[in-house]
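Computed from a predicted model, the values in this text were never measured in an experiment.
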Amino acid sequence: MSSLWKKSLLFSLVSVSLLAIPQRITAQTKSEIEPQAIALIKSMSDRLTATDSMTFTAVSTYESPSRLGPPLIYTTISEVTVQRPNQLKVITPGDGPANEFYYDGQTITAYSPAENLVAVADAPATLDAALKLAYDSAAIYFPFTDVIVSNPYQDIREGLQIAFVVGQSSVVGGTTTDIVAVANDSIFAQIWIGAEDKLPRMIRAVYRDDPSRLRHQVEFSDWQLDIPVSAGDFTSSEAKKATTIPFAPPEPPNSTSTDTTSPTQSE
């Protein structure tokens, strides 16, 4: 058996396995939710909401269509700081345009240091409402939103139709994790949850209305819980000196190429 043939066979087996996932969901009953899966999601949510403050690193991976057919992969890294109930800082140095996001309980600041541009908006008094405002007004979305909201369990549980335990992994996050698969009308996702610390280690998702079945993934690391933070952590003196622009969705790029431009944080 040639090496090329072996590789082709392996690719075919993997492809069949991946394609079987959405088919399995379709073949399930309208609502099939395993209590053990719900218990794992609830334990993760309880662990996150029990903390007054937290920091973590999120590496997000996006697939994007290419002219050749198979998708290209882009990544961003974000350093995240949360102070409950109403403060958030997200520093994203790359890949793609560097950007900074600050929410101090009163205002939202979106800052692009390289361009020296800043957009500021009055903000509601809770983090959940501020995240919604940022998305509705300026198309700013973070792929780790479900981890930082006030009640992650409620966010995941709403509209849930499928939830089952896949098994355990000793590879992801440098620790043993429990793997849960969930699905609703719009998304199929897998969540890797630390077996001991109950912290999310990875989330991998496919949107069901996406004909290309592009995959989105977030890996979590460097978790620190209940650490001291100050009000100054959620503002930027440099952003205050930048040129102000409207708090609105970014304008489409001039180029229509999908091969050379990395997606921005808001995408």
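The backbone N or O of Ala242 lies less than 3.5 Å from no partner atom in the side chain of Tyr111, so there is not a single donor-acceptor pair. Judged by distance alone, the side chain of Ser112 and the main-chain N or O of Asn116 form no donor-acceptor pair under 3.5 Å. A donor-acceptor contact shorter than 3.5 Å links the side chain of Thr51 to the backbone of Leu48. A donor-acceptor pair under 3.5 Å is formed between the side chain of Trp223 and the backbone N or O of Pro200. In this structure a side-chain-to-backbone donor-acceptor pair under 3.5 Å is missing from Ser78 to Val80. Between the Ser45 side chain and the Ile41 main chain, no donor and acceptor come within less than 3.5 Å of each other. With hydrogens and angles disregarded, no donor-acceptor distance shorter than 3.5 Å links the side chain of Asp104 to the backbone of Tyr102.
In this structure, Ile38 and Arg157 have side chains that are in contact, with non-hydrogen atoms separated by less than 4.5 Å. Using a 4.5 Å heavy-atom cutoff, the side chains of Leu133 and Pro124 are in contact. Side-chain contact between Pro143 and Tyr62 is present, with heavy atoms from C-beta onward closer than 4.5 Å. A 4.5 Å side-chain heavy-atom check between Leu199 and Leu225 finds at least one atom pair inside the cut-off. Taking 4.5 Å as the limit, some side-chain heavy atom of Gln161 sits within range of a side-chain heavy atom of Asp185. Side-chain contact between Ile156 and Met44 is present, with heavy atoms from C-beta onward closer than 4.5 Å. The side-chain heavy atoms of Asn86 and Tyr103, taken from C-beta on, include a pair separated by under 4.5 Å. Looking at Gln190 and Met202, their side chains never come closer than 4.5 Å, going by heavy atoms from C-beta outward.
For the atom pair CG of Asp146 and CD1 of Ile191, the computed distance is 8.0 Å after rounding to the nearest 0.5 Å. Considering OG1 of Thr55 and CG of Asp226, their distance stands at 10.5 Å, rounded to 0.5 Å. The line from CD1 of Ile33 to CG of Leu160 is 4.5 Å long, rounded to the nearest 0.5 Å. The OG1 atom of Thr57 lies 10.5 Å from the CZ atom of Phe144; values are rounded to the nearest 0.5 Å. Here Ser53 contributes atom OG and Asp233 contributes atom CG; the two are 10.0 Å apart, rounded to the nearest 0.5 Å. In this structure, Thr107 OG1 and Phe247 CZ are separated by 10.0 Å, a value rounded to the nearest 0.5 Å.
Minimum heavy-atom separation, Thr49 to Asn151: CG2-CA, 4.3 Å. The two residues Val165 and Glu34 make their nearest non-hydrogen contact at N-OE1, 3.1 Å. Summarising the geometry of Ala231 relative to Gln87, their closest heavy-atom pair is CA-NE2, 4.2 Å, with the distance given to 0.1 Å. Smallest separation of non-hydrogen atoms from Leu88 and Val82: CD1-CG2, 3.7 Å. When all heavy atoms of Glu63 and Arg213 are compared, the closest pair comes out as OE1-O, 4.2 Å. The two residues Ile108 and Ala130 make their nearest non-hydrogen contact at CD1-O, 3.5 Å.
A salt bridge is absent between Lys132 and Asp128; no separation between the charged side-chain nitrogens and carboxylate oxygens falls under 4.0 Å. Salt bridge present: Asp197 and Arg201 bring a charged side-chain N and a carboxylate O closer than 4.0 Å.
Checking Arg204 against Gln217 by side-chain atom types alone, a donor-acceptor pair falls below 3.5 Å. Side chains of Asp95 and Thr76: a donor-acceptor N/O pair is absent below 3.5 angstrom, by distance only. Side-chain atoms of Asp52 and Gln83 form no donor-acceptor pair, as typed in the model, at a separation below 3.5 Å. Under the 3.5 Å distance criterion, with hydrogens and angles disregarded, a donor-acceptor pair is assigned to the side chains of Asp178 and Gln168.
Using a 4.5 Å cut-off between side-chain heavy atoms of Ile, Leu, Val, Met, Phe, Trp and Tyr, with links allowed through other members, Val182 and Val206 fall into different hydrophobic clusters. Grouping the Ile, Leu, Val, Met, Phe, Trp and Tyr side chains by contacts below 4.5 angstrom, directly or via other members, places Val229 apart from Met54. Phe234 and Ile140 are assigned to two separate hydrophobic clusters, defined by single-linkage of ILVMFWY side chains at heavy-atom distances under 4.5 Å. Put simply, Val149 and Val90 are part of the same group of oily side chains (I, L, V, M, F, W, Y) that touch within less than 4.5 Å, one to the next.
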Let me see the working for Phe164 and Val166 under side-chain contact (heavy atoms from CB on, under 4.5 Å), right down to the final yes or no. CA-CA 6 Å; Phe164 59 92; Val166 178; 4.0 Å; yes

Working note: Asn99 + Ile91, criterion side-chain contact (heavy atoms from CB on, under 4.5 Å); need CA distance, chi angles, decisive distance, verdict. CA-CA 6 Å; Asn99 58 83; Ile91 306 298; over 6 Å; no

Residues Ile203, His216; criterion side-chain contact (heavy atoms from CB on, under 4.5 Å); working and verdict: CA-CA 8 Å; Ile203 299 175; His216 307 257; over 6 Å; no

Test ring pair (Phe, Tyr, Trp, His ring centres under 6.0 Å) on Phe220 and Phe56; report intermediate values, then the result. CA-CA 7 Å; Phe220 301 94; Phe56 60 87; 5.7 Å; yes

Set out, in order, the CA-CA distance, both residues' side-chain angles and the distance that settles side-chain contact (heavy atoms from CB on, under 4.5 Å) for Lys198 and Ser43, then state yes or no. CA-CA 6 Å; Lys198 306 305 178 185; Ser43 67; 3.6 Å; yes

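Surrounding CG of Asp122 are at most 12 heavy atoms belonging to other residues, nucleotides or ligands under 6.0 Å away. A 6.0 Å sphere centred on CD of Glu115 holds more than 12 heavy atoms belonging to other residues, nucleotides or ligands.
Checked against the 6.0 Å centroid criterion, the rings of Tyr207 and Phe188 do not qualify as a close aromatic pair. Aromatic ring centres of Phe101 and Phe142: separated by under 6.0 Å.
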